[in-house]
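Along the sequence shown, residues are numbered consecutively beginning with 1.
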Amino acid sequence: MSTLSEEQIKELCLGNLRIIRNIILKSSDKFVTIDYPHASEEKKQEWFAYRKALRDLPTSVVEQNIVLDADLTNVVFPIPPS
């Protein structure tokens, strides 16, 4: 049985982060469809910004040198617009 290196563990954690991020993105797809009835243009832009922050999350984590753990408790996910 071989032990995983720190780099392999980091890649597995980033993979988990991407999976969770993709699930959240998928659940918010409806808010960026052309015909979604947003209360205002500002609210619509909030959803675009939120989704961009989600897409950028793995890169942000790497750039900030956040040490990932298996359950991702130390990752701060963007908060969706209300």
Side-chain angles (χ1 to χ4, degrees):
M1 182 174 179
S2 63
T3 304
L4 295 174
S5 69
E6 284 186 38
E7 189 61 31
Q8 289 171 317
I9 292 170
K10 181 179 176 180
E11 285 305 314
L12 287 171
C13 290
L14 278 172
N16 289 342
L17 175 61
R18 287 183 186 99
I19 289 169
I20 293 168
R21 184 263 330 254
N22 290 346
I23 291 169
I24 296 169
L25 277 170
K26 181 78 173 155
S27 70
S28 68
D29 280 350
K30 68 180 181 179
F31 297 108
V32 293
T33 59
I34 293 172
D35 58 348
Y36 187 82
H38 289 284
S40 66
E41 183 63 27
E42 180 180 292
K43 188 58 67 179
K44 179 179 178 180
Q45 292 307 314
E46 287 177 18
W47 279 103
F48 283 112
Y50 166 70
R51 288 172 52 86
K52 180 173 181 351
L54 283 171
R55 288 190 304 275
D56 292 346
L57 188 58
T59 303
S60 299
V61 165
V62 170
E63 288 174 352
Q64 295 173 20
N65 291 319
I66 295 173
V67 178
L68 296 173
D69 53 11
D71 58 3
L72 303 173
T73 55
N74 53 348
V75 175
V76 177
F77 283 85
I79 298 173
S82 54

Return the minimal non-hydrogen interatomic distance between Trp47 and Pro80, and the atom names on each side.
CH2-CB, 4.0 Å
In this structure, are over 12 heavy atoms from other groups packed under 6.0 Å from Lys43 atom NZ?
yes
For atom CD1 of Ile79, decide whether the heavy atoms of other residues, nucleotides or ligands shown that lie under 6.0 angstrom number more than 12.
no
Acceptor/donor pairs from residues 11-26 side chains to any protein atom, 3.5 angstrom cut, sequence neighbours excluded:
{"residue": "Arg21", "atom": "NH1", "partner": "Arg55", "partner atom": "O", "Å": "3.1"}
{"residue": "Asn22", "atom": "ND2", "partner": "Arg18", "partner atom": "O", "Å": "3.3"}

Which label fits Phe31 and His38: parallel for a plane angle under 30°, tilted from 30 to 60°, or perpendicular past 60°?
tilted
Sidechain-backbone polar pair: Lys10 side chain, Ser5 backbone, donor-acceptor under 3.5 Å
no
Inter-residue atom distance Glu46.CD - Arg51.CZ, 0.5 Å rounding
14.5 Å
Hey, any chance Val62 and Val76 share a hydrophobic cluster, counting ILVMFWY side chains that come within less than 4.5 Å of each other, even indirectly?
no
